[in-house]
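The block underneath contains the structure these notes are about, expressed in structure tokens.
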Amino acid sequence: KSYRVAILGATGAVGTELLELLESRNFPVAELKLLASARSVGRSLRFKGEDLPVELVSDRTLENLDLVLASAGGSTSKTWAAIAVEKGAVVIDNSSAFRMNPEVPLVVPEVNPLAAANHQGIIANPNCTTILMSVAIWPLHQISPIKRIVVSTYQSASGAGAKAMAEVQTQASAILQGQEPVAEVLPYPLAFNLFPHNSPLNDLGYCEEEMKMVNETRKIFGDQQIRITATCIRVPVLRAHSEAINLEFANPFSADAAREILSHSPGVKLIEDWEKNYFPMPMEATGQDDVLVGRIRQDISHPCGLELWLSGDQIRKGAALNAVQIAELLVEKNLLQPAKAYVSSEK
Ligand code: A2P
């Protein structure tokens with residue numbers, strides 16, 4: 001069986017990767033529609049040797065679909081996801097619009113594949129930093145429950161979209177030529193610089209990105225008891241995020257045991273050469289499906305603590321690949337079926 005698929009946000013950083021993954025992973029596509037805003041109408045993108053036109057998302061272009069992979073921002077998803085579901089499609093949404101809705105499964109296939117079975121038309125793809133961290137620490141949580149997570153992120157420009165990636169490159173060449181860098185997409189120049197994630201701050205001083213890591217990880221793990229604190233920083237890297245993670249377990253967990261477990265965990269590649277001081281790097285994680293994990297060591301400040309470091313491609317496993325893996329899971333479990341009751345966009 002093959003399926004009628006649409007990519008909403010096909011011209012974006014994640015959208016173009018979705019297109020590539022549907023082709024390279026040989027997803028059973030009967031027909032593919034590329035949807036975006038009026039700005040992109042007239043463009044075309046290549047899929048399996050054919051140039052497909054980019055069309056404006058509308059009631060009409062969302063007809064007769066089995067699957068919509070949406071990555072066009074929260075407000076676009078809020079406008080169109082419920083309409084696509086009403087018309088019979090299943091939506092895998094990369095935005096934050098539905099992630100914390102109790103009726104919407106939030107899925108990382110390596111962690112909670114079974115959650116997908118309860119979908120009512122929309123399945124949410126988690127935040128990129130949350131996906132990367134979940135893949136790396138879930139196997140450890142299975143052996144000994146994690147009580148507390150302290151995570152610091154080093155997030156690339158790609159998280160803010162294709163325009164932000166281009167902006168960093170322009171800024172870098174401006175600086176190298178002795179000119180002032182111009183920031184239009186991101187709030188400050190990112191080239192040769194870094195700054196805290198610019199999502200809105202709450203009353204406690206945490207930004208939205210940090211609270212996504214807290215709330216989404218708890219939802220994916222099905223564990224509201226884990227204490228999590230995060231500091232999210234944007235760094236001048238193009239497309240892979242890195243994270244320094246401190247874990248506190250209920251009982252002592254040896255670094256060697258963690259290393260052994262992570263050396264054969266799905267979606268994880270262990271990168272550690274202690275003699276060469278060689279560990280995961282965003283430049284090497286770029287284009288790879290696996291989350292690179294390394295520098296696993298005992299926390300010298302706590303008997304039940306472990307430190308680890310990871311880099312993962314934000315656009316791939318952090319977004320497009322996770323969405324396509326969810327789609328593959330739906331196909332495998334025969335769950336790519338129209339919802340009986342659709343989730344209202346009001347929720
Ligand atoms: P467009 O290229 O037509 O603006 P990125 O995350 O790389 O910035 O990409 C965002 C994606 O979401 C692009 O494909 C963009 O299309 C699409 N998009 C943004 N706003 C809308 C909208 N209002 N309706 C449809 N697509 C949108």
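Just so it is clear, the values below take in all heavy atoms, side chains as well, and ignore hydrogens, waters and symmetry mates. Counting starts at 1 for both ligands and their atoms, following the listed order.
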Parallel, tilted or perpendicular, as decided by the 30° and 60° cut-offs, for the rings of Trp138 and Phe221: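 Because their plane-to-plane angle is over 60°, the rings of Phe221 and Trp138 count as perpendicular.
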Residues Asp256 and Ser254: side-chain donor-acceptor under 3.5 angstrom: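 Absent: no donor and acceptor within the cut-off.
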Test item: side-chain donor near acceptor, Ser37 and Arg39, under 3.5 Å: yes
Qualifying residues under side-chain contact (heavy atoms from CB on, under 4.5 Å), relative to Lys269, sequence neighbours excluded: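 Applying side-chain contact (heavy atoms from CB on, under 4.5 Å) to Lys269 gives Ile271, Gln288, Asp290, Leu292.
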Residue pair Glu184, Glu167: steps toward the side-chain contact (heavy atoms from CB on, under 4.5 Å) verdict: CA-CA 8 Å; Glu184 280 167 353; Glu167 180 171 278; 3.6 Å; yes
Residues in the immediate environment of ligand 1 (any heavy atom closer than 4.0 angstrom): Gly9, Ala10, Thr11, Gly12, Ala13, Ala36, Ser37, Arg39, Ser40, Val57, Ser71, Ala72, Thr76, Gly161, Ala162
Candidate list Val68, Val57, Thr11, test side chain to side chain contact (heavy atoms under 4.5 Å, CB included), partner Leu35, passing option: Val57
